[in-house]
Amino acid sequence: MASWEDIANEVVPVDANIGGLATGARRGDAKRGRAASHASGWQTPPAKTDRELKFLPPPQCSPHASFDDVMCGIEKTHPRRGTHYEIVQDAKHYDTPFGDFATRLESVLKNSQMETLAGAKAHDLLIMDIETSGVNEATPLFLIGTLRFDEDEPKLEFFLARDGDEEAAALNAYHQRARGKRLVTFNGKSFDWPFIARRSRRHGVPFSDPMFHLDMLHHARRKWRGHLPDCRLQTLEKFLCGRGRVGDVPGYKIPGQYADFVERRRAGQSAAWLLSPILHHNALDVLTLAEIVCLAHE
């Protein structure tokens, strides 16, 4: 089953096993993109070669490596919500220029015409993306990736549920981090935030709707539709950021790969090699989103 992230942001391979809704949504978006391009007289540029794109491949790890050695996080326990796993990384861990995001954002925020960002500083923002094990509210959310600017260097912070029993604790920890922040997502008003809200209510985890929520998908469509093949996140990443994905786990495969991880972990295996590429995929989505916020103001 495809995730909504796939529907909004990615091109599904022809052999992907997805339902009619996902296929129809993708075809509709592709047709709109082509129509806008032809109407403006703009032609889709040829695909860039590997030499022209920058690739940030996921780290390789042994199937026998321990979970903590691969994920480099810490287990946290809430007295009522239970246990979850948290990982904090410097943004520049993925690529050195990502360490300048706070400076870039401070610069663009000074002159932002976006109402949601009016008067905001970089430390007011929380950039967020989720990974789920399905598309309906009966399926758990297992990873919330964020980028925050509370310190000198931007930090990626991941709230991970290693199985369904840890979802409530991961959600609770995320809500504590998000309190008072201005939320930035890509298609988050349609998918990410409603999914978080539904799963939080299901577990009885208290939360409040974000006072400010900037969904960059809408801004991307207004700014770049008709100038790019489509406005999926990885298309923006390629044509605007000059990056491609290599060794990336496609979004439509993430639910199955996570299920495999859970099954192996319950059998006593580390299985971190299955989860590590998902974390990398999520991190690149979050970092690309931060860069798109900057580029949208340039």
Name the orientation class of the two ring planes belonging to [X] and [Y] (parallel below 30°, tilted from 30 to 60°, perpendicular beyond 60°).
X    : Y    : answer
H175 : F207 : parallel
F101 : F98  : parallel
Y85  : F67  : perpendicular

Do [X] and [Y] sit within salt-bridge range, that is, some charged N less than 4.0 Å from a carboxylate O?
X    : Y    : answer
D285 : R245 : yes
D124 : K181 : no
D90  : K92  : no

Original post:
Would you say the side-chain atoms of T288 and R243 include a donor-acceptor pair closer than 3.5 Å?
Top reply: yes

Subject >> R222 versus H219, side-chain donor and acceptor atoms under 3.5 Å >> reply: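 Yes, because at least one side-chain N or O of H219 sits under 3.5 Å from a partner of the opposite role on R222.
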
So do [Y] and [X] actually touch side chain to side chain, heavy atoms under 4.5 Å?
X    : Y    : answer
L143 : I254 : no
R148 : V88  : yes
M128 : L183 : yes
P59  : S276 : yes
Q234 : D248 : yes
L105 : H297 : no
V286 : F158 : no
W224 : I292 : yes

Does the [X] side chain pair with the main chain of [Y], one donor and one acceptor, at a distance under 3.5 Å?
X    : Y    : value
Q89  : L156 : no
S133 : P140 : yes
E106 : A122 : yes
T132 : V135 : no
N136 : A138 : yes
D192 : D129 : no
H280 : L56  : yes
S200 : I196 : yes
N172 : V205 : no
E157 : T146 : no

What are the two closest non-hydrogen atoms of [X] and [Y], and how far apart are they?
X    : Y    : answer
S270 : S66  : OG-C, 3.5 Å
G119 : R182 : C-NH2, 4.3 Å
A290 : I127 : CB-CD1, 3.5 Å
M114 : A296 : CE-CB, 4.0 Å

Subject >> The single option from R81, R199, H84, R162 passing side chain to side chain donor-acceptor pair (under 3.5 Å) against E167 >> reply: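 Result: among R81, R199, H84, R162, R199 is the only option passing the side chain to side chain donor-acceptor pair (under 3.5 Å) with E167.
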
**OP:** Indicate, with yes or no, if F212 and L125 share a hydrophobic cluster defined by side-chain heavy-atom contacts under 4.5 Å among Ile, Leu, Val, Met, Phe, Trp and Tyr.
**Re:** no

**OP:** Answer with yes or no whether the hydrophobic clustering places V246 together with L53; edges join I, L, V, M, F, W, Y residues whose side-chain heavy atoms lie under 4.5 Å apart.
**Re:** yes

Original post:
To the nearest 0.5 Å, how far apart are OG1 in T83 and NE2 in H78?
Top reply: 11.0 Å

Subject >> Distance (rounded to the nearest 0.5 Å) between L279 CG and C72 SG >> reply: 10.0 Å

For [X], does the [atom1] atom have more than 12 heavy-atom neighbours from other residues, nucleotides or ligands under 6.0 Å away?
X    : atom1 : answer
K155 : NZ    : yes
Q60  : CD    : no
Q176 : CD    : yes

